[in-house]
Amino acid sequence: MAVGPLVVHVARLRRPLGTTMRFHASAPLDDERLAPATAADSRVPAGAEADCDFLLESYPGGIMATGMVRVPWAGVCRRCTTGVEGTLVISLKERFCDPPGQGEPEDEEAFPILDDAIDLGPMVHEAILTELPLAPLCREDCEGLCPYCGIDRNEETCDCVAPRDPRWASLDVLRSTS
Ligand SMILES: [Zn+2]
Ligand SMILES: [Zn+2]
């Protein structure tokens, strides 16, 4: 039988159908599954827990899970490269269904009910991976780094000017002689 911090046994929930149950847990996450591909990618800090609060309700053939996941995240501003952090608050409404009988089509949108239990873990991981900010900003109007000298334009100013485009050089010659 499945074990884990987000596994819920649902036999009682399904008799009678329509029974509801609140499920609340703070669960450590599987760091391997959420490992960022590169150092610049947003991530859930190591050891952080996901706060999961769900209402579970049985219906014929399945369980509906409706609720929220809160989890801290950290990343790097895409313009100035300073650290950025925040909390993801994700609303979810997902179905868990019995495995299909012979010849029945599989409901690909649903998560499985196995041995009278559901595991909210895969659903939570999937949602976090989808919601992690891809290219966060430290603030909306971040000035970023100077591409020439590298100073942080939020804190300092510089006199760098964009190098002239050589294609315009001949025009400058014309201008100076006219
Ligand atoms: Zn920034
Ligand atoms: Zn500069």
Side-chain angles (χ1 to χ4, degrees), residues 3-8 22-56 64-96 108-112 118-178:
V3 288
L6 295 174
V7 171
V8 191
R22 175 130 182 260
F23 174 80
H24 181 232
S26 266
L29 295 160
D30 178 345
D31 296 333
E32 299 253 310
R33 293 181 62 167
L34 292 170
T38 77
D41 287 338
S42 298
R43 70 204 59 218
V44 174
E49 299 203 329
D51 184 78
C52 304
D53 195 0
F54 282 90
L55 184 74
L56 307 175
M64 183 68 85
T66 312
M68 294 273 230
V69 176
R70 283 185 185 75
V71 69
W73 67 275
V76 171
C77 173
R78 69 169 183 259
R79 288 188 197 146
C80 73
T81 72
T82 52
V84 194
E85 48 187 44
T87 303
L88 288 179
V89 180
I90 310 168
S91 305
L92 285 172
K93 182 171 183 139
E94 298 286 351
R95 283 172 295 134
F96 287 80
E108 286 174 4
E109 307 262 288
F111 292 90
I118 62 176
D119 185 357
L120 301 177
M123 171 185 78
V124 168
H125 281 88
E126 209 171 280
I128 292 172
L129 279 173
T130 310
E131 297 291 326
L132 275 173
L134 277 181
L137 286 174
C138 61
R139 51 172 220 242
E140 275 309 309
D141 60 350
C142 171
E143 304 277 354
L145 302 179
C146 171
Y148 306 107
C149 71
I151 58 121
D152 185 342
R153 287 169 167 168
N154 298 306
E155 285 165 9
E156 295 172 71
T157 50
C158 59
D159 299 320
C160 297
V161 284
R164 287 204 167 164
D165 187 323
R167 283 171 296 174
W168 300 109
S170 53
L171 283 180
D172 287 339
V173 174
L174 287 178
R175 226 176 264 140
S176 59
T177 52
S178 59

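Atoms within a ligand are numbered from 1 in the order they appear, just like the ligands themselves. Residue numbers start at 1 and run along the sequence shown.
- Between the side chain of S91 and the backbone N or O of M68, no donor-acceptor pair lies under 3.5 Å.
- Between L120 and F23 the shortest side-chain heavy-atom distance falls below 4.5 Å.
- Between R33 and P122 the shortest side-chain heavy-atom distance falls below 4.5 Å.
- In this structure a side-chain-to-backbone donor-acceptor pair under 3.5 Å is present from H125 to D30.
- In this structure, the side chains of P136 and C77 stay at 4.5 Å or more apart for every pair of heavy atoms.
- There is no side-chain donor-acceptor pair under 3.5 Å between R79 and N154.
- Around the Zn ion (ligand 2), the protein atoms of type N, O or S that sit closer than 2.8 Å are C146 SG, C149 SG, C158 SG, C160 SG.
- Under a 3.5 Å cut-off, the side chain of R78 and the backbone N or O of V76 do not form any donor-acceptor pair.
- Between T66 and L92 there is no side-chain heavy-atom pair separated by less than 4.5 Å.
- Within the 3.5 Å criterion, the main-chain N or O of S26 finds no donor-acceptor partner in the side chain of D51.
- Distances from the Zn ion (ligand 1) under 2.8 Å pick out these protein N/O/S atoms: C77 SG, C80 SG, C138 SG, C142 SG.
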